[in-house]
Amino acid sequence: MSYNPSEIENKWQKIWEDEGAFEPLDDYSKKKKYILSMFPFPSGRLHMGHVRNYSIGDAMARYYRKQDYNVLHPIGWDAFGMPAENAAIKHNRDPKEWTYSNIDYMRKELNSLGLSFSKTREFATCDPLYTKWEQEFIIKMFKEKLLFRESTIVNWCEDCHTVLANEQVEEGCCWRCDNEVEQKEMDGYYLNIIKYSDELLDDLKLLEDKWPSQVLTMQKNWIGKSQGLEFGFKLTNESKEKLENKFDGFEVFTTRPDTIYGVTYTALAPEHPIVKSLIKNSLLDEDVAQKITEISNMSEIERAKADKEGYYLGIDVTHPLTGESIPVWVANFVLASYGGGAVMSVPAHDERDFEFATKYNLPIKRVIEGGDENIAYTNEGNLINSSKLNGISNIKAKIEVIKLMEEKKLGKGTTNFKLRNWGISRQRYWGAPIPFVHCDDCGLVAEKTENLPITLPDDVEITGEGNPLDNHPTWKHCSCPNCGKDAIRETDTLDTFVQSSWYQFRYATNPKKWESCGIDKEDVNYWLGVDQYIGGIEHAILHLLYARFFTKVLRDLDYINIDEPFEKLLTQGMVLKDGKKMSKSIGNTVDPDKLIAKYGADTARLFTLFAAPPTKELEWNDSAVEGSFRFIKKLYDRKNKVTSNTLPIIEHKSLDKNAKEARAKVYDALKKSEVVYQNSFAFNTLIASCMEALNALDKQDNGDVWSEGIYIILHLLEPIIPHITTELSQELFGRANLKNSIKVLDEVFVKDSIVLAVSINGKRRGEIEVDAGASKDEILEMAKASVPKWLEDKKIVKEIVVPNKLVNLVVK
RNA sequence: GCGGAUGUGGUGAAAUUGGUAUACACGCCAGACUUAGGAUCUGGUGCUUCACAGCGUGGAGGUUCGAGUCCUCUCAUCCGCACCA
């Protein structure tokens with residue numbers, strides 16, 4: 001009978017389902033593994049990236065199950081988000097109906113891959129039961145002042161008609177639709193991630209060697225810690241009057257306190273309150289005011305590309321140490337969101353300041369020795385023109401200036417972060433409602449816990465114009481949870497990244513408790529951290545930073561006891577075709593359904609893991625898929641060679657050379673499997689080893705050796721190609737070889753004779769076969785005899801014998 | 001600009017501590033079986049050369065008996081951040 005993948009695969013998928021084969025046990029005395037692949041967004045169909053992601057995770061889960069671990073390997077749906085609303089706008093579909101029907105379809109697709117997910121722990125983040133607990137966390141965070149509402153300048157995507165967090169802006173464009181992001185001032189809800197900056201940074205050390213260094217570096221840079229001095233510039237009396245005494249001065253932050261004597265001007269961001277006040281009170285020339293407003297309206301990316309531009313504001317401050325009068329400028333390169341939106345400018349030692357000063361003829365005062373006068377000198381050196389600090393190194397001066405400023409109570413040493421607070425409100429319908437109410441008397445009030453979840457209305461019109469919840473005739477009208485008066489419900493919904501920040505804890509919580517709590521501490525203590533997390537590099541900052549932050553917050557709110565959610569992280573490479581990322585618009589996609597229909601799930605999984613190591617990009621190749629299919633067919637065919645239905649006991653010495661060689665290959669693969677499944681994840685090399693073993697088995701005809709070989713190969717490949725291996729294992733060995741680990745027999749590696757390479761001056765010139773017990777002298781003698789041609793008229797000056805490897809003769 | 005990676009046959013890729021470079025697979029070539037083959041099987045396949053031999057892991061040096069692997073410099077490609085004061 002020939003290999004029929006669909007028959008075998010359907011059969012086993014049904015059996016696994018009936019057996020409940022992949023449910024984790026409640027027995028918390030067992031050793032555990034929590035293997036998690038990032039959950040999918042229910043877009044409608046699986047793509048090859050999913051297949052790769054879940055094949056990797058499934059291989060690990062199945063491996064550990066066989067090693068007698070209690071394994072949690074769950075799946076669910078990251079189900080809120082824009083595409084559901086876009087489907088509503090474009091195809092007049094109800095977002096809820098669209099989402100859940102996509103989930104139903106994709107669940108079937110996942111099932112057809114034979115993935116060993118728990119069926120009882122599946123949920124969608126749009127399930128009201130999930131929303132309920134998320135809203136509870138949000139309210140708790142509000143009460144602990146970790147969540148607040150404020151009006152700031154935000155990133156606005158006009159296409160998506162919503163605010164975006166900083167992390168969701170890529171090169172000035174929306175991460176979802178690639179539309180250019182605008183700056184806009186509006187109210188929003190924020191989570192105080194800045195409070196956790198130091199911990200988020202420091203704990204990256206706990207993840208060293210467990211997460212890819214690239215991801216750690218990206219997070220480190222994103223958090224962007226820098227140390228320096230914060231101090232104030234006081235406005236001159238004249239300037240103060242001009243500003244109607246509304247301002248005393250402004251604060252600046254610098255990482256170069258050593259250059260403080262070199263300040264020749266200061267610069268404010270266009271959004272700075274002083275600038276706004278000047279414009280508002282018409283204290284600037286009309287065209288200057290006009291220009292500043294223009295800069296304000298520019299997107300960040302436009303500003304970054306623009307030439308340096310700025311204007312003198314007609315006001316001055318006093319240098320805190322020299323008492324000199326310093327002009328105040330507005331400049332397009334000063335960021336409103338960092339360091340208070342104001343900088344001290346030292347053109348002699350900062351490239352940006354130098355460029356600006358040169359353009360506007362501002363004075364340049366050198367305070368560090370060295371370098372070329374025609375460019376900014378940013379290296380180390382000794383101080384000059386710096387009063388009492390002259391002569392000391394600038395490195396020392398950094399500390400001295402901070403000390404001096406602190407003594408004089410003019411400023412303080414401080415730390416600054418690039419990380420901004422996480423803006424979590426979205427002006428969209430298909431998300432979790434933010435559970436707050438606006439009351440004229442009580443202000444912003446959290447909803448009562450017993451009223452949760454606050455769910456979305458079903459009868460909603462989604463047109464793409466404005467916020468559907470806000471446009472809904474009745475939904476937002478409610479009574480104040482505090483005083484009972486008429487009030488307005490918040491119509492913003494939560495960023496979908498909030499849902500994916502705690503789903504790993506929800507999976508770990510026993511489903512029996514899902515009604516009564518959001519996260520069960522005992523369950524989480526047993527299952528977390530996630531032993532292996534697998535997903536795309538695109539979440540290096542976004543999801544992975546938010547989830548780390550959320551974990552620390554939930555810990556501080558006493559929901560859990562852990563510090564980091566994901567112990568180990570594997571970032572899989574992209575799936576490419578013709579050198580490009582598979583995408584619908586390019587039209588180079590491969591449909592997993594068709595692939596499975598043609599070759600079966602096992603071939604799809606085998607190819608995916610064989611063609612490249614998981615962290616690298618995977619180039620799709622149709623004929624290489626055929627190759628994987630061929631291997632499985634060959635494996636299936638060789639079942640006829642098996643003569644024993646248990647693992648035979650073999651007397652190794654009695655075997656012929658090819659049989660010995662075959663056993664060595666089989667056990668090589670077994671030995672390799674431990675490293676691959678537990679550490680390197682180089683499944684491609686394990687598969688290659690199994691192919692070598694099968695090739696070697698083909699060169700001999702001992703039934704016991706065949707039986708042992710197939711017994712072990714099926715065991716090794718079950719995590720990768722579960723259907724065919726289980727089918728054969730059932731038929732040949734009653735699945736005994738899939739239950740436990742198999743011991744490596746060292747005797748099969750012992751050889752009677754060894755082939756050594758003979759090299760002259762490091763170049764391979766021949767080889768010899770020596771007795772396993774041969775002495776060094778015997779080996780050398782044979783080696784010399786084997787390469788007479790290369791020793792003629794030469795003198796051997798050195799002889800090196802590397803056991804089991806080679807002989808090197810150095811001649812002159 | 002800053003940070004992180006990656007460069008090995010025609011292709012995807014292997015290669016403990018430095019120890020026979022190119023395992024495994026795809027492709028290609030030849031053959032067998034076949035009415036036929038996009039099926040299956042066997043053999044071959046880094047480059048130059050009739051051969052001897054020489055050259056080969058982006059490039060140039062270095063350390064070493066010996067370097068894909070270690071060190072220095074350099075080039076190319078990819079990714080991330082991007083005026084963070």
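By convention in this document, chain letters (A, B, ...) are assigned in the order of the sequence lines, proteins followed by strands, and residues within each chain are numbered from 1.
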Judged by nearest nucleotide, the residue sitting upstream toward the 5' end of RNA chain B, A:Ile537 or A:Val810, is A:Val810

Which whole number of Å gives the distance between the C1' atom of B:rU6 and that of B:rA13? 14 Å

Taking atom C1' in both B:rG54 and B:rC2, compute the distance separating them and give it to the nearest angstrom. 45 Å

Categorize A:Ala693 for me: base, sugar-phosphate, or nothing, with a 4.0 angstrom heavy-atom threshold over every strand shown. nothing

Using ring pair (Phe, Tyr, Trp, His ring centres under 6.0 Å) as the criterion, list what pairs up with A:Trp620, not counting sequence neighbours. A:Phe607

Which value, rounded to the nearest 0.5 Å, describes the distance between A:Asn379 atom CG and A:His349 atom NE2? 11.0 Å

Should A:Thr255 be listed as having a side-chain N or O under 4.0 Å from OP1 or OP2 of B:rC84? no

Looking across every strand, which nucleic acid part, if any, lies under 4.0 Å from A:Lys220 by heavy atom: base, sugar-phosphate, or nothing? nothing

If you measure from the P atom in B:rC28 to the same atom in B:rG12, how many Å do you get, rounded? 16 Å

Please list all pairs passing the side chain to side chain donor-acceptor pair (under 3.5 Å) test where one or both residues lie in residues 683-697 of chain A, with sequence neighbours left out. A:Lys634-A:Asn695, A:Lys665-A:Glu692

For a stem of at least 3 consecutive Watson-Crick or G-U pairs with distances under 3.5 Å, i pairing with j, i+1 with j-1 and so on, which stems involve RNA chain B? B:1-7 with B:75-81, B:10-12 with B:24-26, B:27-32 with B:40-45, B:46-48 with B:53-55, B:58-62 with B:70-74

Nearest 0.5 angstrom please: A:Thr725 OG1 to A:Ile713 CD1, how far? 12.0 Å

Would you classify A:Ala611 as touching base, sugar-phosphate or nothing, given that sugar-phosphate means primed atoms plus P, OP1 and OP2, and contacts are heavy atoms under 4.0 Å? sugar-phosphate

What distance, rounded to whole Å, do you find between the two P atoms, one in B:rC52 and one in B:rU45? 14 Å

What string of B, S and - do you get for nucleotides 14-34 of chain B 5' to 3' if you count protein non-hydrogen atoms under 4.0 Å? S----BB--BBSSS-------

Test item: A:Thr264 side-chain N/O and A:Pro363 main-chain N/O as donor-acceptor pair under 3.5 Å: yes

Ring pair (Phe, Tyr, Trp, His ring centres under 6.0 Å) involving A:Trp422 - partner list, sequence neighbours excluded: A:Tyr546

Can you name the salt bridge (charged side-chain N to carboxylate O under 4.0 Å, His left out) partners of A:Glu799, sequence neighbours left out? A:Lys784

Counting the atoms with a prime plus P, OP1 and OP2 as sugar-phosphate, which does A:Lys671 contact under 4.0 Å by heavy atoms, base, sugar-phosphate, or nothing? nothing

Is A:Ser345 touching bases, backbone alone, or none of the nucleic acid, heavy atoms closer than 4.0 Å? nothing

Distance between the C1' atoms of B:rC71 and B:rU63, in whole angstroms? 7 Å

Want to settle it: does A:Met218 or A:Arg765 sit nearer the 5' end of RNA chain B, counting the closest nucleotide to each? A:Arg765

